[in-house]
Amino acid sequence: IVLTGKRAEIFGGRMFAAGTIKCKKIGSINEPVTDLFLGLDLDTYTAMEGLHNTITQQSHRVDELDTNIRQIKNALKNQESSDVPAEKLTAALQQLEHESETHNAKLSNTLKQLHELKRDIKLNEASELDAEQQIYGKVHVYFNHLRWDSPNKGCGKTRLLVKQGKLLEK
């Protein structure tokens, strides 16, 4: 992606490039986070995003189940002040514990899939980022598993590239 002209800027949101991004400015003083992903093919990026979303959903569900289990265990401890019979609480606890085990197994499997996907990705050393004038704060650049964050106050002309598996800033 090569942007030229007076307003050759990228700010806010996410941008994906399998190769190089070249522009004048990245980010903005007033804009939200700008995420740039370089060196990944679109299918791999989409698969990773899908797995990240699944992990987030599964983690939230596991947290909800853990909270419910704790509440039922507390209710069982304080049985004399509860209106619900102990048998019902015990049955609900067993059901929630089973569901929690199932969701934890699914979460573990999804995390394993993400790890395997990331492990198999080869860094594209032909990818680079070239900001000819400035990079503002709140800019994150990803070359596969390598991440570069702009300084809070931003920085001037910057070129990022990968050589021998390492992220270089020039």
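When reading the values below, keep in mind they use all heavy atoms of this one structure, side chains included, and skip hydrogens, waters and symmetry mates.
Atom CH2 in W148 sits 4.0 Å away from atom CD1 in I135 (nearest 0.5 Å). With rounding to the nearest 0.5 Å, the separation of CG in N68 from CD in Q95 is 11.0 Å. Atom CD in Q57 sits 11.5 Å away from atom NE2 in H103 (nearest 0.5 Å). T54 OG1 to K106 NZ: the interatomic distance, rounded to the nearest 0.5 Å, is 11.0 Å. Atom CG of L76 sits about 6.5 Å away from atom CG of L93, to the nearest 0.5 Å. Taking OG1 from T44 and CG from N144, the interatomic distance works out to 9.0 Å, rounded to the nearest 0.5 Å.
Judged by distance alone, the side chain of S100 and the main-chain N or O of L96 form no donor-acceptor pair under 3.5 Å. A donor-acceptor pair under 3.5 Å is formed between the side chain of S59 and the backbone N or O of I55. Remark: side-chain polar atoms of N78 are paired, donor with acceptor, to backbone N or O of N74 under 3.5 angstrom.
Atom NE2 of H52 has more than 12 heavy atoms from other residues, nucleotides or ligands within 6.0 Å. Other residues, nucleotides and ligands contribute only 12 or fewer heavy atoms inside 6.0 Å of the CG atom of N152.
In this structure, the side chains of K170 and L161 come closer than 4.5 Å at one or more pairs of heavy atoms. Inter-residue side-chain proximity for I1 and K22 is flagged as unmet; no heavy-atom pair is nearer than 4.5 Å. Here the side chains of Y142 and D35 are in contact, with some heavy-atom distance below 4.5 Å. You'll find the side chain of T158 reaches within 4.5 Å of the side chain of C155, heavy atoms only. Looking only at side-chain heavy atoms (C-beta outward), L89 and P85 stay at 4.5 Å or farther from each other. No side-chain heavy atom of T34 sits less than 4.5 Å from a side-chain heavy atom of K138. Counting only heavy atoms from C-beta outward, the side chains of L51 and T110 approach each other to under 4.5 Å. Residues K157 and Q134 form no side-chain contact, since every pair of their non-hydrogen atoms from C-beta on lies 4.5 Å or further apart.
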Practice problem: Please step through side chain to side chain contact (heavy atoms under 4.5 Å, CB included) for the pair E128 and L160, ending with a clear verdict. | Solution: CA-CA 6 Å; E128 70 178 61; L160 301 173; over 6 Å; no
Quiz prompt | Steps toward side chain to side chain contact (heavy atoms under 4.5 Å, CB included) verdict (F37, M15) | solution = CA-CA 6 Å; F37 298 86; M15 180 174 276; over 6 Å; no
Quiz prompt | Residues I26, F11; criterion side chain to side chain contact (heavy atoms under 4.5 Å, CB included); working and verdict | solution = CA-CA 6 Å; I26 302 173; F11 55 90; over 6 Å; no
Quiz prompt | Derivation of the side chain to side chain contact (heavy atoms under 4.5 Å, CB included) call for V162 and S127 | solution = CA-CA 7 Å; V162 176; S127 297; over 6 Å; no
Practice problem: Test salt bridge (Lys or Arg N to Asp or Glu O under 4.0 Å) on D149 and R147 and set out the steps. | Solution: CA-CA 7 Å; D149 296 324; R147 176 179 167 161; 2.7 Å; yes
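Residues that satisfy the salt bridge (charged side-chain N to carboxylate O under 4.0 Å, His left out) test with E125, not counting sequence neighbours, are absent from this structure.
Residues E169 and R159 are not paired through a salt bridge, judged by the lack of any N-O separation under 4.0 Å between the basic side chain and the carboxylate. Using a 4.0 Å cut-off between charged nitrogen and carboxylate oxygen, R119 and E116 do not count as a salt-bridge pair. Look at D63 and R61 and you find no salt bridge, because none of the NZ, NE, NH1 or NH2 atoms lies under 4.0 Å from a carboxylate O. Using a 4.0 Å cut-off between charged side-chain N and carboxylate O, E49 and R14 make a salt bridge.
Classification of the F16-Y45 ring pair by plane angle, with boundaries at 30° and 60°, yields tilted.
The shortest heavy-atom contact between A8 and C23 is O-CB, 3.4 Å. Summarising the geometry of L146 relative to G165, their closest heavy-atom pair is CD1-O, 3.7 Å, with the distance given to 0.1 Å. Across K24 and G5, no two heavy atoms sit closer than the pair NZ-O, 2.8 Å. Across every non-hydrogen atom of Q58 and L107, the tightest pair is OE1-CA, 3.3 Å. The two residues S150 and Y136 make their nearest non-hydrogen contact at OG-O, 2.9 Å.
Screening T20, V139, V141, I10 for a side chain to side chain contact (heavy atoms under 4.5 Å, CB included) with L129, the sole residue that qualifies is V141.
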